[in-house]
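Everything on this sheet refers to the single structure shown next.
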Amino acid sequence: DTEVTQTPKHLVMGMTNKKSLKCEQHMGHRAMYWYKQKAKKPPELMFVYSYEKLSINESVPSRFSPECPNSSLLNLHLHALQPEDSALYLCASSLGQGWGTDTQYFGPGTRLTVL
Amino acid sequence: GQQLNQSPQSMFIQEGEDVSMNCTSSSIFNTWLWYKQDPGEGPVLLIALYKAGELTSNGRLTAQFGITRKDSFLNISASIPSDVGIYFCAGYNNAGNMLTFGGGTRLMVKP
């Protein structure tokens, strides 16, 4: 089973709202990732968690706040977003056993629209 | 940041035709991954390559890890309408800690 699940599938929020995106995997993977993807562009890395610790933050604005409650779950908390933050948000996971060989498996994404 | 050059950017082909796309880099890569993405969905892993010269097939798909470690190609034989989508190459270079993506190849298949 190579399934990564994400909820919700779609989210519409105002600029003053607080919402959360959720990601879950049960493959025993110890690395989890958040990506942002704009239309017709490749995914852009936002955050990496390795063994439940934040290991990479690609200079993401503080209005995006990641959280890894346990090895199977990854959340992305959203607050005071801007319309330009509208995008497809992708979660991915990998074994986390070695740099340079970790095959990443992606979830179906959350389509976020900020009004 | 590190870029992967993926070509062609788009292809419009007749059903039944074979397709070839490739990715090149100016630096050495240790792993090449090929993904397919349908509209509004996440990328789905097609083929993973870990050794220079490796040739791997997955059904009608074949991908190779270039001998120089600076390129990879993906071939699709006898295309069908469900092959439509965006194909991304991705890989890890010697720094190894971030997956770098190509710009994508948009494939359109005419029945």
Side-chain angles (χ1 to χ4, degrees), chain A residues 1-11 21 23 25 27 29 31-50 54-59 86-113, chain B residues 1-10 21 23 25 27-52 54 56 58 63 65 69 72 85-108:
Chain A
D1 182 11
T2 55
E3 187 177 28
V4 177
T5 59
Q6 289 187 244
T7 55
K9 179 73 171 171
H10 302 276
L11 179 62
L21 310 184
C23 174
Q25 57 86 17
M27 296 178 278
H29 288 177
M32 296 186 77
Y33 311 78
W34 280 115
Y35 287 85
K36 173 183 177 181
Q37 187 178 28
K38 289 285 204 178
K40 301 184 180 180
K41 297 290 186 182
E44 298 175 22
L45 184 65
M46 300 174 72
F47 303 103
V48 180
Y49 272 82
S50 178
L54 182 64
S55 61
I56 295 178
N57 176 342
E58 284 293 291
S59 302
S86 298
L88 182 67
Y89 287 83
L90 296 164
C91 173
S93 72
S94 66
L95 280 172
Q97 290 186 346
W99 296 123
T101 59
D102 250 16
T103 302
Q104 292 185 26
Y105 297 90
F106 286 83
T110 294
R111 171 68 62 189
L112 174 67
T113 302
Chain B
Q2 172 69 52
Q3 295 288 330
L4 284 177
N5 299 309
Q6 187 171 349
S7 64
Q9 286 188 323
S10 63
M21 61 192 76
C23 268
S25 169
S27 62
I28 289 173
F29 272 63
N30 298 318
T31 298
W32 287 97
L33 306 172
W34 284 92
Y35 293 91
K36 177 180 182 245
Q37 187 172 25
D38 292 330
E41 299 292 330
V44 174
L45 181 69
L46 299 174
I47 292 178
L49 303 163
Y50 302 107
K51 292 182 181 178
E54 183 179 355
T56 297
N58 177 6
F65 193 141
R69 296 171 63 192
S72 177
I86 300 179
Y87 292 79
F88 287 103
C89 64
Y92 289 103
N93 59 18
N94 278 339
N97 60 348
M98 286 172 52
L99 194 59
T100 301
F101 282 85
T105 295
R106 181 179 297 271
L107 178 63
M108 294 159 280

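These numbers come from the heavy atoms of this one structure, side chains and all, not from hydrogens, waters or symmetry mates. By convention in this document, chain letters (A, B, ...) are assigned in the order of the sequence lines, proteins followed by strands, and residues within each chain are numbered from 1. What you see is a predicted model; the values in this text were computed from it and never measured.
- Here A:P108 is the residue among A:G109, A:C91, A:P108 with the most heavy-atom pairs under 4.5 Å with chain B.
- The side-chain hydrogen bond (donor to acceptor under 3.5 Å, both in side chains) pairs that include a residue from residues 32-41 of chain B are A:K9-B:E41, A:Q37-B:Q37, B:W34-B:S72, B:K36-B:D38, where partners are two or more places apart or lie in different chains.
- Taking B:K51 as the reference, nothing meets the salt bridge (Lys or Arg N to Asp or Glu O under 4.0 Å) condition, with sequence neighbours excluded.
- Taken from CD in A:E44 to CZ in B:F101, the straight-line distance is 10.5 Å, to the nearest 0.5 Å.
- Looking at every heavy atom in both residues, B:Y92 comes nearest to A:D102 through OH-O, 2.7 Å.
- Annotation for B:L33 and A:Q104: closest pair CD1-N, 4.2 Å, computed over non-hydrogen atoms.
- Only the side chain of A:E58 comes within contact range of chain B, judged by heavy atoms closer than 4.5 Å.
- Counting all heavy atoms, side chain and backbone alike, A:T103 lies closest to B:A48 at OG1-CB, 4.1 Å.
- Residue A:L90 comes nearest to B:G42 through the heavy atom pair CD2-CA, 3.6 Å, listed as atom of the first residue, atom of the second, then distance.
- Side-chain contact between B:L99 and A:P43 is absent, with no heavy-atom pair separated by less than 4.5 Å.
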